[in-house]
Visitor: 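Input: one structure, supplied below.
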Amino acid sequence: MSVDWGHVFAGRVGGMTASEIRELLKLIDRPEIISFAGGIPDPDLFPSSAIARSYEKIFQSNAGAGAALQYSITEGYTPLREWICDYMGGKGVNIGLDGVLITNGSQQVLEFVGKLLIGPGDKIVVTRPTYLGALQAFSPYEPTYLSIPMDEEGPEMTALTEALAQKPKFFYLVPDFQNPNGTTVTLARRHAILDACEAAGVPVIEDTAYCELRYDGEHLPLLAALDCERNGGKLTNVIFGGTFSKTMVPAMRVGWVNAAPEVVNRLVLMKQAADLHASTINQIVMHDVVSQIFDSHIKLLKTQYKERRDAMLAALDEFAPAGVTWTKPEGGLFVWIEAPEGVDGTELLARAIKEANVAFVPGSAFHADRSGKNTLRLAFSVTKPAQIREGIRRLCGLLKTAA
């Protein structure tokens, strides 16, 4: 008798769904496709030479190589955690080593937060739209989503207040150049969010993968920094997720979480059960590289990505048909399109691939309730300006006939 795996699986497996983005990334290998799908960094901009030198340095010493290839402590490589403490301190977030855990990318932060805080049926607040990877991380723990709309300043406060009254476990937010819609939460709205969440006793999960990639205007304080300012210098009501994936390289899978020590202590236990610790050698290399080139490399990325963002916005101005609107992000990697009602992004994608060799991500993927069918996410990070213009021209040609 064979095993009926559907019967054996835990009930939470039903919450696991494939990522539309992961599937679309397969298209990038087709040279004829102009891809606006993957919100990934441009490999031409990776600091490959600096990384190669760092690995070489490790293997020049038997002792150094032995330590780099060995098991390590769960909390992470101490010099890297110290660097993160200094980096976060420069942003107004004062933490000690007991407030830092190195993770396998910031995606692991989200998965651990789900495991730590969500029980079946628990309410959690997300924006509409929100990051698809967060929905994937949270859904297996069987939450009830409270999705709140956004305006040009961030989450709508009336909707947030109403959601907080339902006693959710947390509010998840990407405050800077949000994936997917590029919106940055204003300073006034950040204060209002913290006021409301503190009053309700609800923690904020701050996801900041893109905060360094600002092309216009001034950097805004992190929610974590404002939280410290309000609480005597201590990180109290915010769990902060950081990553080197968008600023350095994604494949090394080095991210981190900052939170109150009692939260980090629980997350450490989860990491011990999940994978013991992040790759020792990758942490050592990442520390060496960011210690040398972090600021200069960020400057390079901002110059290159700004040019591509500007190319996309200019092409939309030139080619977009009446009734189509889009965001104008001050940073990050994404522009968000809203087409007229009646346009189905999934159907448009099928046509775009078949008829125009253009790929994007349908916006419904970023809605917990699968609404937003007439929205699209366009990423500009891996496509050169001339290709961006041509891809937008083709896509807008389809949009003219899609409604």
Side-chain angles (χ1 to χ4, degrees), residues 41 46-61 63-113 206-213 222 224-225 228 235 239-261 263-272 274-298 301:
F46 290 161
S48 303
S49 296
I51 291 170
R53 287 194 299 270
S54 183
Y55 278 108
E56 184 178 7
K57 188 189 308 181
I58 289 171
F59 287 106
Q60 285 174 346
S61 161
L69 297 173
Q70 186 54 279
Y71 288 113
S72 184
I73 62 173
T74 301
E75 290 82 352
Y77 180 56
T78 299
L80 179 59
R81 292 162 66 216
E82 291 172 339
W83 186 94
I84 290 169
C85 285
D86 289 342
Y87 168 77
M88 295 299 293
K91 294 185 175 298
V93 184
N94 299 309
I95 48 171
L97 286 178
D98 60 352
V100 185
L101 170 66
I102 304 298
T103 60
N104 282 308
S106 59
Q107 186 66 24
Q108 189 172 61
V109 177
L110 301 179
E111 203 279 333
F112 283 177
V113 164
E206 182 177 20
D207 188 347
T208 62
Y210 312 96
C211 68
E212 290 288 353
L213 301 178
L222 301 171
C228 285
L235 191 57
I239 298 176
F240 177 93
T243 181
F244 294 109
S245 291
K246 302 302 188 294
T247 54
M248 292 291 132
V249 293
M252 292 174 71
R253 308 310 300 134
V254 182
W256 74 91
V257 59
N258 299 132
V263 175
V264 172
N265 289 342
R266 293 290 184 177
L267 296 175
V268 167
L269 297 179
M270 289 181 177
K271 188 156 181 65
Q272 287 175 355
D275 57 12
L276 302 182
H277 60 83
S279 163
T280 308
I281 191 169
N282 286 356
Q283 292 184 71
I284 293 172
V285 168
M286 186 62 74
H287 172 254
D288 188 49
V289 170
V290 297
S291 296
Q292 296 178 57
I293 68 164
F294 186 81
D295 290 338
S296 61
H297 190 65
I298 294 294
L301 295 181

Visitor: Enter the distance from Lys246:NZ to Ser106:OG here, rounded to the nearest 0.5 Å.
Guide: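 Going from NZ on Lys246 over to OG on Ser106, the span is 6.5 Å.
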
Visitor: CD1 of Ile239 to CG of Asp207: how many Å apart, nearest 0.5 Å?
Guide: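 So the gap between those two atoms works out to 12.0 Å.
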
Visitor: Counting only N and O atoms by type, is there a donor-acceptor contact under 3.5 Å from the side chain of Asn258 to the main-chain atoms of Gly99?
Guide: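 Here the side-chain-to-backbone pair exists.
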
Visitor: Just grab all the salt bridge (charged side-chain N to carboxylate O under 4.0 Å, His left out) pairs involving residues 84-93, residues at least two apart or on different chains.
Guide: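 Of all non-adjacent pairs touching residues 84-93, those that pass salt bridge (charged side-chain N to carboxylate O under 4.0 Å, His left out) are Lys91-Glu212.
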
Visitor: The criterion is ring pair (Phe, Tyr, Trp, His ring centres under 6.0 Å); which residues satisfy it with Phe294, sequence neighbours excluded?
Guide: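 With neighbours one apart ignored, the set is Trp83, Tyr87.
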
Visitor: What do the steps show when you test Phe112 against Val268 for side chain to side chain contact (heavy atoms under 4.5 Å, CB included), and what is the final call?
Guide: CA-CA 10 Å; Phe112 283 177; Val268 167; over 6 Å; no

Visitor: Nearest 0.5 Å, what's the CD1-CH2 distance between Ile95 and Trp256?
Guide: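 Reported to 0.5 Å precision, the distance equals 9.0 Å.
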
Visitor: Begin with the C-alpha distance, continue with both residues' side-chain angles, and end with the deciding distance and a verdict on side chain to side chain contact (heavy atoms under 4.5 Å, CB included) for Arg81 and Cys85.
Guide: CA-CA 6 Å; Arg81 292 162 66 216; Cys85 285; 5.6 Å; no

Visitor: Please output the side-chain donor-acceptor pairs of residues 68-79 that fall under 3.5 Å, not counting sequence neighbours, one pair per line with the distance.
Guide:
unit_1	atom_1	unit_2	atom_2	d
Thr74	OG1	Leu276	O	2.9

Visitor: What pairs with Val109 under side-chain contact (heavy atoms from CB on, under 4.5 Å), at least two apart in sequence or on another chain?
Guide: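 By the side-chain contact (heavy atoms from CB on, under 4.5 Å) rule, Val109 matches Thr103, Val113, Val257.
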
Visitor: Could you please spell out the steps behind the side chain to side chain contact (heavy atoms under 4.5 Å, CB included) verdict for His277 and Ile102?
Guide: CA-CA 8 Å; His277 60 83; Ile102 304 298; over 6 Å; no

Visitor: Apply side-chain contact (heavy atoms from CB on, under 4.5 Å) to Asn265 and list each qualifying residue two or more places apart in sequence or on a separate chain.
Guide: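 Counting only residues at least two positions away or on another chain, Asn265 forms no side-chain contact (heavy atoms from CB on, under 4.5 Å).
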
Visitor: The criterion is salt bridge (charged side-chain N to carboxylate O under 4.0 Å, His left out); which residues satisfy it with Asp98, sequence neighbours excluded?
Guide: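 Listed in chain order: nothing, the list is empty.
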
Visitor: Applying side-chain contact (heavy atoms from CB on, under 4.5 Å), name anything that partners Val289, two or more places apart in sequence or on another chain.
Guide: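 With neighbours one apart ignored, the set is Ala50, Ile51, Ser54, Met248, Val285, Ile293.
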
Visitor: Run the side chain to side chain donor-acceptor pair (under 3.5 Å) test against Gln283 and tell me which residues pass, sequence neighbours left out.
Guide: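 Expected list: none.
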
Visitor: Kindly write out the residues that satisfy side chain to side chain donor-acceptor pair (under 3.5 Å) with Arg253, not counting sequence neighbours, or none if the list is empty.
Guide: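 Listed in chain order: Ser245.
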
Visitor: Taking all non-hydrogen atoms of both residues, which atom of Cys228 and which atom of Gly92 are closest, and how far apart?
Guide: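 Minimum heavy-atom separation between Cys228 and Gly92: CB-O, 3.8 Å.
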
Visitor: Check whether any side-chain heavy atom of Asp288 lies under 4.5 Å from a side-chain heavy atom of Ile58, and answer yes or no.
Guide: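 Of all side-chain heavy-atom pairs linking Ile58 with Asp288, none is under 4.5 Å.
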
Visitor: With rounding to the nearest 0.5 angstrom, report the OH to OG1 distance, Tyr210 to Thr247.
Guide: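 Reported to 0.5 Å precision, the distance equals 11.5 Å.
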
Visitor: Sequence neighbours excluded, which residues qualify as side chain to side chain donor-acceptor pair (under 3.5 Å) partners of Glu82?
Guide: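 Expected list: none.
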
Visitor: Tell me, please, which residues at least two apart from His287 pass side chain to side chain donor-acceptor pair (under 3.5 Å).
Guide: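 Scan of His287 (side chain to side chain donor-acceptor pair (under 3.5 Å), adjacent residues dropped) gives Ser291.
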
Visitor: Under the salt bridge (charged side-chain N to carboxylate O under 4.0 Å, His left out) rule, collect the residues that match up with Glu111, sequence neighbours excluded.
Guide: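 Scan of Glu111 (salt bridge (charged side-chain N to carboxylate O under 4.0 Å, His left out), adjacent residues dropped) gives none.
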
Visitor: Would you compute the distance between atom CG of Leu222 and atom CD of Glu206 and round it to the nearest 0.5 angstrom?
Guide: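 One finds 5.0 Å between CG of Leu222 and CD of Glu206.
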
Visitor: Let me confirm one number: the CG-NZ distance from Leu101 to Lys271, rounded to the nearest 0.5 Å.
Guide: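 Leu101 CG to Lys271 NZ: 6.5 Å, rounded to 0.5 Å.
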
Visitor: Hey, does Val93 have a side-chain heavy atom less than 4.5 Å from the side chain of Phe240?
Guide: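 The answer is no, as the side chains (C-beta and beyond) never meet within the 4.5 Å cut-off.
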
